[in-house]
Asker: 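One structure is given below, represented as structure tokens, and several questions about it will come after.
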Amino acid sequence: MNLKGMIFDVDGTLVNSNEAHVRCWVEAFAHFGKALDPETIRPHMGKGGDLLVPDLVTSREMRRFGEELKTFRSLLFRKKYLTEVRPFPHVRGLFETLYGRGIKLALASSADEEEVKYYSGLLGVDDLLAGSTSKRDADFSKPSPEIFLAALARIGTETHDTITVGDTPYDILASHRAAMAIAAVRSGGFAQDDLQNAEFLFDDVEELVREIDRIDDYFNHE
């Protein structure tokens, strides 16, 4: 294989969680007296609270409750929404296929460490991973490249032989800022036009794995 490493975003890519995050953010903002509808929040999925909150509040609101809102939302998600998240189909088998081809696999998430551990257990892929990241591994969430670069360091591959996999335009920006190609998947709910700058575009990770030889050929020319 020319392709040596694959770094996977988690939310919206491997687990069907984006709508749960949207509803959680709506509830969290309402707790602090700010009414936002899901359509306002949905385009910001893929950002962490460090970027989403400042993008949706005024400077006065940021001073008044911005930091408290981020903490409240994290606790609310773990308490009320986390257990309703389900993995997309066949992730374990898909990872086994990639692992069997000699590809090093990593999860790259800026979620709290507790959430990342929960998801890796839910997916049943712990024994197939060469590494994973969580919020503690980066000062800023995507589209900052820090999380992808931290995952790259975990698995020990190089930018020219590693691909990232994500479901949002912020994954694409983060990957390109890290000088890595990306395969985008539509499973997170973003429109094709939002994902058009990715090197590859698939419906989901299952389609990606079916096309792994085509992806590998891309790296033959790196």
Asker: K4: what forms a salt bridge (Lys or Arg N to Asp or Glu O under 4.0 Å) with it, not counting sequence neighbours?
Answerer: none
Asker: Tell me if a side-chain donor or acceptor on N16 pairs with a main-chain N or O of R86 at a distance below 3.5 Å.
Answerer: no
Asker: What I want to find out is whether R73 reaches E27 closely enough, with some N-O distance under 4.0 Å, to be called a salt bridge.
Answerer: no
Asker: Answer whether the closest heavy-atom distance between the side chains of F202 and V165 falls below 4.5 Å.
Answerer: no
Asker: Apply side-chain contact (heavy atoms from CB on, under 4.5 Å) to S109 and list each qualifying residue two or more places apart in sequence or on a separate chain.
Answerer: V10, A111, V116
Asker: Not counting sequence neighbours, list each pair that qualifies as a salt bridge (Lys or Arg N to Asp or Glu O under 4.0 Å) and has a residue in residues 118-135.
Answerer: R92-D127, D112-K135
Asker: The criterion is ring-ring contact (aromatic ring centres under 6.0 Å, His included); which residues satisfy it with H44, sequence neighbours excluded?
Answerer: none
Asker: Identify the residue among L201, N197, T164 that makes a side chain to side chain contact (heavy atoms under 4.5 Å, CB included) with I182.
Answerer: T164
Asker: So, using salt bridge (Lys or Arg N to Asp or Glu O under 4.0 Å) as the criterion, who are the partners of E61 when residues are at least two apart?
Answerer: K34
Asker: I'd like to know if the side chain of R136 and the backbone of T133 have a donor-acceptor N/O pair within less than 3.5 Å.
Answerer: no
Asker: Crowded around F200 CZ? As in, over 12 foreign heavy atoms under 6.0 Å?
Answerer: yes
Asker: When clusters are formed by joining ILVMFWY residues with side-chain heavy atoms under 4.5 Å apart, either directly or through shared neighbours, do L94 and L98 land in the same one?
Answerer: yes
Asker: Any salt bridge linking R101 with D213? Criterion: basic side-chain nitrogen under 4.0 Å from a carboxylate oxygen.
Answerer: yes
Asker: What pairs with S144 under side chain to side chain donor-acceptor pair (under 3.5 Å), at least two apart in sequence or on another chain?
Answerer: E146
Asker: With salt bridge (Lys or Arg N to Asp or Glu O under 4.0 Å) as the rule and sequence neighbours excluded, what pairs involving residues 163-178 come up?
Answerer: K142-D171
Asker: Decide if atom CZ of F88 counts as having more than 12 heavy atoms of other residues, nucleotides or ligands within a radius under 6.0 Å.
Answerer: yes
Asker: Do I212 and V125 belong together in a cluster built from hydrophobic side chains that touch within less than 4.5 Å?
Answerer: yes
Asker: Side chain to side chain donor-acceptor pair (under 3.5 Å) with D37: which residues, sequence neighbours excluded?
Answerer: T40
Asker: If two hydrophobic side chains count as joined below 4.5 Å and joins carry through other members, does L107 share a cluster with M45?
Answerer: yes
Asker: With side chains defined as the heavy atoms from C-beta onward, is the minimum distance between M180 and H160 less than 4.5 Å?
Answerer: no
Asker: Determine whether the aromatic ring centres of residues F72 and F32 are separated by less than 6.0 angstrom.
Answerer: yes
Asker: Hey, are the side chains of D55 and K47 touching, using non-hydrogen atoms and a 4.5 Å cut-off?
Answerer: yes
Asker: Check for me, please, whether L149 and I172 land in the same ILVMFWY cluster - side-chain distances under 4.5 Å, paths through other members count.
Answerer: no
Asker: Got V91 and V205 here, is their nearest side-chain heavy-atom distance under 4.5 Å?
Answerer: no
Asker: Keeping to residues at least two apart or across chains, list the side-chain hydrogen bond (donor to acceptor under 3.5 Å, both in side chains) pairs with something in residues 199-208.
Answerer: H176-E199, R186-D203
Asker: side-chain contact (heavy atoms from CB on, under 4.5 Å), that's the test. Do I7 and I163 meet it? Break it down for me.
Answerer: CA-CA 6 Å; I7 298 172; I163 195 167; over 6 Å; no
Asker: Write down the atom of G48, the atom of S141, and the distance for their closest heavy-atom approach.
Answerer: N-OG, 2.8 Å
Asker: Could you work out, with salt bridge (Lys or Arg N to Asp or Glu O under 4.0 Å) as the rule, every residue matching R154, not counting sequence neighbours?
Answerer: D137
Asker: Same cluster or not: are I147 and L14 linked, directly or through other Ile, Leu, Val, Met, Phe, Trp or Tyr residues, by side-chain heavy atoms under 4.5 angstrom apart?
Answerer: no
Asker: Is there a side-chain contact between L51 and Y170 in this structure, where contact means two heavy atoms from C-beta onward sitting under 4.5 Å apart?
Answerer: no
Asker: Take the angle between the ring planes of F77 and Y81 and call it parallel below 30°, perpendicular above 60°, tilted in between.
Answerer: parallel
Asker: Taking only residues two or more places apart in sequence or in another chain, which ones pass salt bridge (Lys or Arg N to Asp or Glu O under 4.0 Å) with E211?
Answerer: R214
Asker: Between D50 and K70, does any NZ, NE, NH1 or NH2 come within less than 4.0 Å of an OD or OE carboxylate oxygen?
Answerer: no
Asker: With sequence neighbours left out, what residues match F190 under ring-ring contact (aromatic ring centres under 6.0 Å, His included)?
Answerer: none
Asker: Under a 4.0 Å threshold between the charged nitrogen and the carboxylate oxygen, would E114 count as salt-bridged to K117?
Answerer: no
Asker: Evaluate the side-chain contact (heavy atoms from CB on, under 4.5 Å) criterion for residues F29 and V57: first the C-alpha distance (whole Å), next the side-chain angles of each, then the deciding distance (0.1 Å), finally the verdict.
Answerer: CA-CA 10 Å; F29 276 106; V57 300; 3.7 Å; yes
Asker: Do side-chain atoms of N18 reach the backbone of G188 as a donor and acceptor pair under 3.5 angstrom?
Answerer: yes
Asker: Salt-bridge test for E84 and R23: reply yes if a basic N is under 4.0 Å from a carboxylate O, no otherwise.
Answerer: yes
Asker: Passes side-chain contact (heavy atoms from CB on, under 4.5 Å), L56 versus L52? Steps please.
Answerer: CA-CA 6 Å; L56 293 175; L52 184 149; 3.7 Å; yes
